[in-house]
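In what follows, a structure is listed as structure tokens, so that the remarks can point back to it.
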Amino acid sequence: RTGSATSLSSAIVNQRLQELVKLFRERTEKVKEKLTDPDITSDDESPATSPAKPAPAPAPAPAPPPGGEPEGDKSAGDEHYCEMLCCKFKCQPWLYHLKNYQFPSSIDPFTNTMYVLWLFFVVMAWNWNCWLIPVRWAFPYQTPSNIHCWLFMDYLCDLIYLLDILIFQTRLQFVRGGDIITDKKAMKEHYLQSERFKMDVVCLLPLDFLYFKVGVNPLLRFPRCLKYLAFFEFNNRLEAILSKAYIYRVIRTTAYLLYCLHVNSCLYYWASDYEGLGSTTWVYDGEGNSYIRCYYWAVKTLITIGGLPDPKTLFEIVFQLLNYFTGVFAFSVMIGQMRDVVGAATAGQTYYRSCMDSTIKYMNFYRIPKPVQNRVKTWYEYTWHSQGMLDESELLVQLPDKMRLDIAIDVNYNIVSKVALFQGCDRQMIFDMLKRLKSVVYLPSDYVCKKGEIGREMYIIQAGQVQVLGGPDGKTVLVTLKPGSVFGEISLLAAGGGNRRTANVVAHGFANLFILDKKDLNEILVHYPESQKLLRKKARKMLNTNNKPRDEKAPGDPLIIRPKVDTPKLFQAALAASGRMGRKGPLAQLRWRLKELKEMQA
């Protein structure tokens with residue numbers, strides 16, 4: 001009994017000693033880590049934020065009216081209804097918003113879509129005058145029976161011109177000395193002193209009063225065609241908001257050509273009427289649709305197709321010569337402009353083709369194997385069709401640094417801010433890091449990184465998927481990472497051999513990844529020492545967690561006493577010799593003690 005009690009107390013003492021040794025070992029590791037890296041100051045990952053001021057208590061809600069339903073809910077439910085006599089009709093929401101709409105005191109001409117819409121109506125009025133004034137002057141389409149319809153449309157266009165001068169042009173913002181001027185008086189004075197105002201006043205010259213003397217002559221409305229500045233402004237604003245502006249440019253250039261033919265057809269009918277309809281074989285004979293037949297003659301003349309009747313009189317010869325000269329000049333200008341429009345629309349495609357042809361020529365010169373050439377061609381085609389460009393940095397290099405940062409924040413900030421390694425770091429450091437990200441496309445089965453190689457980059461998946469391979473053969477899929485996932489972040493800060501890749505990562509299909517280079521991160525961290533300390537500590541903890549053996553005992557395991565080391569042979573021989581002497585002497589008593597401990601453990 002005495003021996004069993006002694007063994008029990010010895011086991012308790014040993015257990016307590018093991019716990020103390022474990023605590024001393026952990027403390028020693030912390031002190032050693034602090035001596036190795038002096039940047040570590042405390043166990044906190046980031047400084048504690050100052051306590052925020054408590055928000056003021058919300059004001060008590062007002063008591064509902066005696067009717068039972070709150071006034072706000074009642075107005076919200078009835079805002080789209082109107083009462084008329086004894087009936088109640090539901091109004092459309094757009095009508096309600098239109099009724100409560102307030103016209104802005106100043107208009108930004110570059111970003112306000114409402115102003116672009118208004119310019120569309122102004123341009124439509126300008127086109128009405130440009131296209132129909134020559135028709136009404138040359139062809140007999142304006143008659144006393146329909147004169148009121150023509151005048152109604154004329155004065156409607158004049159009203160649009162007048163509203164543009166009084167309401168819109170006097171509210172346009174402008175830049176003076178680098179400041180955006182929004183003052184009403186300053187905007188009005190700026191417009192009144194501009195060339196635009198002088199041209200707008202000339203456009204609205206009241207020559208219509210001469211109708212009372214010479215009759216309704218459409219040529220008196222010719223000054224209305226001088227509002228061409230609104231047309232060019234509309235083109236610039238519309239091209240700025242269109243995703244494929246080259247389509248509108250092609251349509252506009254085609255409209256230029258059609259208008260030239262339109263004016264020429266009007267002049268031909270006027271010349272025919274001046275000579276006498278059907279008087280010679282050259283003039284219009286007055287049969288069929290007059291406009292269509294004259295337009296057909298204008299097309300054949302300006303394009304110089306030939307097959308036209310020869311002019312007979314001197315007037316006809318001079319008119320035909322002027323037509324030929326104008327046709328050659330006009331069509332050469334139109335063809336050159338169309339070539340520029342199409343060339344600008346296909347400039348990116350041309351650059352892509354030239355790069356691909358040069359690469360293929362290079363590979364053929366050095367006799368690169370066909371499988372490698374096919375992969376290079378596939379990369380070119382997929383990168384171009386997925387991004388519309390080969391290198392995104394070439395597109396953004398012309399922008400100011402602030403605009404590049406804004407674009408990078410919108411594209412990548414949501415992904416990078418979720419990386420555990422960068423949480424708690426300086427926000428400006430994250431912004432600087434976003435500008436260093438590079439986009440790379442990987443083909444199916446391409447190795448993003450291989451096990452054992454030195455890691456110098458961090459990867460963020462933008463599109464596609466990658467697979468982490470492992471196992472004895474290195475081909476077992478451990479996990480599949482999807483868009484938004486991050487891997488390789490520990491390699492950016494690990495040192496002393498801890499920056500080697502621990503697994504193979506392969507692209508599963510086409511994958512578009514953002515890459516952050518270790519060199520770029522080190523250049524950024526020079527300006528953010530506090531974030532650098534935090535990143536080093538986080539990387540070390542993540543690396544220690546990944547390097548822990550899987551069969552390590554949990555902290556709560558009761559078997560914390562390590563197996564004892566075997567007794568040395570010399571000591572065993574001494575104990576055996578003391579055994580022959582019985583239980584006399586200190587060695588004999590120690591031998592008996594060890595025997596009892598072995599029996600207890602068994």
Side-chain angles (χ1 to χ4, degrees), residues 93-130 155-205 223-249 251-252 255 341 344 395-411 413 431:
W94 64 268
L95 186 60
Y96 171 79
H97 292 298
L98 183 63
K99 186 186 302 182
N100 297 334
Y101 178 76
Q102 294 182 354
F103 201 80
S105 59
S106 64
I107 301 174
D108 185 0
F110 297 99
T111 60
N112 196 319
T113 55
M114 182 194 67
Y115 180 65
V116 178
L117 181 61
W118 171 252
L119 284 178
F120 171 76
F121 291 107
V122 176
V123 170
M124 291 299 295
W126 177 76
N127 276 280
W128 168 270
N129 292 316
C130 290
Y155 295 131
L156 180 61
C157 295
D158 293 348
L159 178 62
I160 294 177
Y161 281 14
L162 188 61
L163 292 177
D164 181 60
I165 296 175
L166 299 179
I167 298 179
F168 285 87
Q169 296 301 323
T170 56
R171 298 172 185 261
L172 293 183
Q173 301 174 4
F174 66 97
V175 179
R176 183 170 59 189
D179 297 331
I180 300 177
I181 306 301
T182 59
D183 182 65
K184 292 183 178 180
K185 184 177 180 181
M187 291 186 296
K188 185 176 181 181
E189 292 179 354
H190 179 263
Y191 172 64
L192 295 178
Q193 296 174 2
S194 63
E195 296 293 332
R196 178 76 172 268
F197 172 72
K198 299 176 182 178
M199 191 63 67
D200 290 344
V201 171
V202 173
C203 291
L204 288 177
L205 286 178
R224 305 297 190 273
C225 299
L226 299 178
K227 201 175 179 62
Y228 59 89
L229 294 177
F231 172 71
F232 291 115
E233 184 182 7
F234 173 73
N235 292 335
N236 296 333
R237 301 293 177 265
L238 186 62
E239 290 178 4
I241 63 177
L242 291 178
S243 58
K244 296 183 178 179
Y246 65 89
I247 297 178
Y248 175 72
R249 297 190 189 105
I251 296 175
R252 185 183 62 200
V341 171
L395 180 66
L396 304 177
V397 70
Q398 300 177 355
L399 297 177
D401 188 71
K402 182 62 173 63
M403 291 186 179
R404 290 203 303 269
L405 176 60
D406 293 341
I407 294 176
I409 291 174
D410 293 335
V411 176
Y413 182 73
F431 291 165

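If you read the sequence from its start, that first residue is 1, and numbering goes on from there. Remember, it's a predicted structure, so these values are computed and weren't measured experimentally.
By the 4.5 Å heavy-atom criterion applied to side chains, Leu172 and Tyr115 are counted as neighbours. With a 4.5 Å cut-off on side-chain heavy atoms, Ile107 and Met187 do not count as touching. Side-chain contact between Met124 and Phe120 is present, with heavy atoms from C-beta onward closer than 4.5 Å. Contact annotation: the side chain of Tyr161 never approaches that of Asp200 to less than 4.5 Å [non-hydrogen atoms, C-beta and beyond]. No side-chain heavy atom of Leu166 sits less than 4.5 Å from a side-chain heavy atom of Leu163. Side chains of Phe197 and Gln169 form no contact here, defined as non-hydrogen atoms less than 4.5 Å apart. At a threshold of 4.5 Å between non-hydrogen side-chain atoms, the residues Asp164 and Ile160 do not count as touching. The side-chain heavy atoms of Arg237 and Pro109, taken from C-beta on, include a pair separated by under 4.5 Å.
Shortest non-hydrogen contact noted between Thr170 and Ile165 is CG2-O, 3.4 Å. Of all non-hydrogen atoms in Val122 and Ala230, the two that sit nearest each other are CG1-CB, 3.9 Å. Considering all non-hydrogen atoms of both residues, Arg196 and Tyr191 come closest at CG-CE1, 4.0 Å. When all heavy atoms are compared, the tightest approach of Phe174 to Ala186 is CE2-O, 3.7 Å. When all heavy atoms of Pro104 and Arg171 are compared, the pair lying nearest together is O-NH1, 3.1 Å.
Taken to the nearest 0.5 Å, the NZ atom of Lys402 stands 10.5 Å off from the CD1 atom of Ile407. The line from CZ of Phe231 to CG of Asn236 is 10.0 Å long, rounded to the nearest 0.5 Å. Once rounded to the nearest 0.5 Å, the distance linking CG of Leu226 with SG of Cys130 reads 8.5 Å. Taken from CG in Asp183 to OG in Ser105, the straight-line distance is 9.5 Å, to the nearest 0.5 Å. Between the OG atom of Ser194 and the CE atom of Met199 there is a distance of 10.5 Å, given to the nearest 0.5 Å. The SG atom of Cys203 sits 10.0 Å away from atom CG of Asp158, with the distance rounded to the nearest 0.5 Å.
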- Task: Under the side chain to side chain contact (heavy atoms under 4.5 Å, CB included) rule, what do Ile181 and His190 come out as? Steps first, then yes or no, please.
- Result: CA-CA 10 Å; Ile181 306 301; His190 179 263; over 6 Å; no
- Message: Show, in sequence, the C-alpha distance, side-chain angles and deciding distance for Phe168 and Phe103, and conclude whether the ring-ring contact (aromatic ring centres under 6.0 Å, His included) test is met.
- Response: CA-CA 10 Å; Phe168 285 87; Phe103 201 80; 5.4 Å; yes
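Among residues two or more places apart in sequence or in another chain, the side chain to side chain contact (heavy atoms under 4.5 Å, CB included) test is passed with Thr111 by Asp108.
More than 12 heavy atoms of other residues, nucleotides or ligands shown are found within 6.0 angstrom of OH on Tyr155. Environment of CE in Met403: sparse, with no more than 12 heavy atoms of neighbouring residues, nucleotides or ligands closer than 6.0 Å.
Checked against the 6.0 Å centroid criterion, the rings of Phe121 and Phe234 do not qualify as a close aromatic pair.
At distances below 3.5 Å, at least one donor-acceptor pair connects side-chain atoms of Arg224 with backbone N or O atoms of Leu205.
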